[in-house]
Amino acid sequence: MQGFDTVIRNGLVATAAETMQADIGIRDGRVVALGQELARGRVEIDARGKLVLPGGVDAHCHLDQPMDEGLRMADDFASGTRSAACGGTTTVIPFAAQIKGRSLRDAVEDYHQRAGRKAVVDYAFHMIVTDPTEQVLREELPALIAEGYTSFKIYMTYDDMMLDDRQILRLLAVARRHGALAMIHAENADCIAWLTETLEEAGHTAPLYHGTSRPMAIEREATHRAITLSELVDVPILIVHVSGREAIEQIRWARGRGMRLYAETCPQYLFLSAEDLGGGYEGAKCVCSPPPRDRANQRVVWEGLSDGLFTIVSSDHAPFRFDDPQGKKPGGKEVAFRHIPNGIPGLETRLPLLFSEGVRTGRITLNQFVSLTATNPARLYGLHPRKGTIAIGSDADIAIWDPNKEVTIENRMLHHDVDYTPYEGMQVTGWPVTTLVRGERVWDEGQPCAPSGHGEFLPCGKPEMARPKPGDAAAGGYVGNLPDALARLAKGPPHA
Ligand code: URP
Ligand code: ZN
Ligand code: ZN
């Protein structure tokens, strides 16, 4: 019997399914033993009094994404993944974004160049499809899915990204046929445009009005429409960054009708509110879409976490510096809300915030926490069981937590390249003290310590969860309100 490279000893190990007192033996970057009193490893880590959890999988973050002229994301693959590691996250999935008029393949190749050998945690890519030409639909997308890019985001808003319903339907049909998962940003673009014009005419251009221009109703409408499109094509979708009650009601309604449908939320919808958009231009720090809502909506999002409505919790880290002409002050000016780049940082704080306010308060169990932040994202995007769990054969991606560590969040202790955190001054209990990626320490004793370029690219499998729900065989699956014959014609066979 070969020895272990590392043994993590005496910790309380939790997965999505169970919690157990166990030692973990690691060899060649993988978990090879789970048990009591394992033989000594070359490296010994004493986790007595600590929690030993699968490293987090942050399946929605934006790093070094090409931006409009004059804007720049503050984090690239080096600083973004460093920050992730220091917050207990061991896999990230950012976005290779197609530029309208250009090829999707080019976007993926360009994104590999940007990733270079910079990452310190492992990473996969989602794609963002902004121009679903015949070439993209028939050739590029199916080929890219087969190569391990098995998820893509569709925007229902943002002028340079949004697709109309027919384009979305065609993309969902490709997802169904080729076994990919579509992620939908659900907000009604025309309503936002009209509300923005109306607010501007009245002179309301401060960041506070970003929230007014994107009320819950426009997210509710788009969520319902996305669900309808998914029903017509009979393919599961993920509604990303769900912000509150009315969107949640649509998801519950669809699930109640038997649809297979997934939902993501983010810490900003649990910890921030519309008030954070106020206070003058400082509010720009919290401009993201959908916008943070109110405390009543926060409560409904918490309920959705505890009762299983939500499949995953991601950061939606979209890093722009506040005091920066390429960030929240484009051209060095305080601009009208429509010109403020959308997004907030959160890769490093995602897990501690959710652990502290979710697990420690009893709103969610420790196993739910693991499931929402690691196991489910890995399953949803075809990375499980390599990622997202602690099991024999899985990568030794592990976060060792001090569940009693009291931390006041301050931007100066974080490791991103953003000049603020929206969570400044918040007190949390529980923080990862050591993070391992494939058995190597990337965060330990308060220091990032990854060997440079340690992160590897992960081609994703075709996710089981993206398969249409098996249904009445004669009808070819779940057909909702579509007449059977039309359903068969429109949908085609799903990916086997
Ligand atoms: O405001 C946000 N969420 N910015 C990031 C891009 C997106 O829509 O996820
Ligand atoms: Zn989005
Ligand atoms: Zn996003």
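First listed ligand is number 1; within each ligand, the first listed atom is number 1.
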For atom 1 (O) of ligand 1, what's the nearest protein heavy atom and its distance?
S289 N, 2.7 Å
Atoms of ligand 1 less than 4.0 Å from K153 heavy atoms?
7 (C), 8 (O), 9 (O)
The closest protein heavy-atom partner of atom 8 (O) of ligand 1 is H185 ND1, 3.0 Å
Over-ring placement of K328 relative to F322, 6.0 Å and 45° cut-offs
no
For the Zn ion (ligand 3), check which protein N, O or S atoms are under 2.8 Å away and list them.
H60 NE2, H62 NE2, D316 OD1
Quick one: ring pair (Phe, Tyr, Trp, His ring centres under 6.0 Å) partners of W431, sequence neighbours excluded?
none
Does H204 have any ring pair (Phe, Tyr, Trp, His ring centres under 6.0 Å) partners at least two apart in sequence or in another chain, and if so, which?
Y209
Pair E219 + R293: basic N to acidic O under 4.0 Å:
yes
Considering non-hydrogen atoms of the protein only, which is the closest contact for atom 4 (N) of ligand 1, and what is the distance?
N342 O, 3.3 Å
Has T361 got a side-chain atom pairing as donor or acceptor with E357's backbone, closer than 3.5 angstrom?
yes
Atom 3 (N) of ligand 1: which protein heavy atom is closest, and how many Å away?
D316 OD2, 2.7 Å
Number the atoms of ligand 1 from 1 as they appear, then name those within less than 4.0 Å of a heavy atom of C288, with their elements.
1 (O)
Numbered in order shown, the ligand 1 atoms found under 4.0 Å of a heavy atom of H60 are 9 (O)
Is the distance between the ring centroids of H60 and H241 under 6.0 Å?
yes
Which residue pairs pass the salt bridge (Lys or Arg N to Asp or Glu O under 4.0 Å) test when at least one of the two sits in residues 149-158, sequence neighbours left out?
none
Output, in order, the C-alpha distance, side-chain angles, deciding distance and verdict of ring-ring contact (aromatic ring centres under 6.0 Å, His included) for F125 and F457.
CA-CA 8 Å; F125 293 168; F457 174 71; 5.2 Å; yes
So does R102 pair up with D131, basic N to acidic O under 4.0 Å?
no
Option set R214, Q65, H62, H210, criterion heavy-atom distance to atom 6 (C) of ligand 1, minimum:
H62
Run the numbers on N188 and E221 for side-chain hydrogen bond (donor to acceptor under 3.5 Å, both in side chains), then give the verdict.
CA-CA 7 Å; N188 180 312; E221 184 282 326; 2.9 Å; yes
